[in-house]
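Presented below is the structure to which this report refers.
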Amino acid sequence: MQDNNNEISDGALSEQELRMMCDYFSIEPQTLLNDQAVFEYALKKRSDLYDLVAGYSEMAELNAEICHEFLSCEIDLSDF
């Protein structure tokens with residue numbers, strides 16, 4: 001089912017994308033690959049999934065910045 005580039009045989013999904021979509025939709029890889037309707041739906045939602053990943057990545061950076069800004073406050077409080 002995979003070619004030499006580690007992609008699904010129709011070239012539409014890499015192995016990593018397959019795992020990510022299965023995790024996101026809570027389905028088994030066989031279901032995604034063997035049910036044409038499910039596969040097409042997943043492909044249509046691919047950009048939504050990548051937008052979600054990008055959003056979480058941005059939030060991780062913001063959270064790290066916020067934690068860094070408040071670190072000195074936490075250190076001060078730990079002295080009490």
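Here the structure is a predicted model, which is why all the values come from computation and not from measurement. Values below: all heavy atoms of this structure, side chains included; hydrogens, waters and symmetry mates excluded. All residue numbers refer to positions in the sequence shown, counting from 1.
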Quick check for you: to the nearest 0.5 Å, what is the distance between [X] atom [atom1] and [Y] atom [atom2]?
X: L52; Y: M20; atom1: CG; atom2: CE; value: 9.5 Å
X: F39; Y: T31; atom1: CZ; atom2: OG1; value: 13.0 Å
X: L49; Y: L43; atom1: CG; atom2: CG; value: 11.5 Å
X: H68; Y: E65; atom1: NE2; atom2: CD; value: 9.5 Å

Residues in side chain to side chain contact (heavy atoms under 4.5 Å, CB included) with [X], at least two apart?
X: Y41; result: F25, K45
X: E69; result: none
X: F70; result: I66, C73

Ring pair (Phe, Tyr, Trp, His ring centres under 6.0 Å) with Y24: which residues, sequence neighbours excluded? none

Could you work out, with ring pair (Phe, Tyr, Trp, His ring centres under 6.0 Å) as the rule, every residue matching Y50, not counting sequence neighbours? none

Of L32, I27, V38, which meets side chain to side chain contact (heavy atoms under 4.5 Å, CB included) against M21? L32

Just distance, no hydrogens or angles: give the donor-acceptor pairs under 3.5 Å from side chains in residues 57-64, sequence neighbours left out.
{"from": "S57", "atom 1": "OG", "to": "V53", "atom 2": "O", "distance (Å)": "3.0"}
{"from": "N63", "atom 1": "ND2", "to": "M59", "atom 2": "O", "distance (Å)": "3.3"}

Considering residues at least two apart in sequence or located in another chain, which fulfil the salt bridge (Lys or Arg N to Asp or Glu O under 4.0 Å) criterion with D51? none

Could you check whether any side-chain heavy atom of R19 comes within less than 4.5 Å of a side-chain heavy atom of C22, counting everything from C-beta outward? no

Check whether more than 12 heavy atoms from other residues, nucleotides or ligands sit under 6.0 Å from atom CD of Q30, and answer yes or no. yes

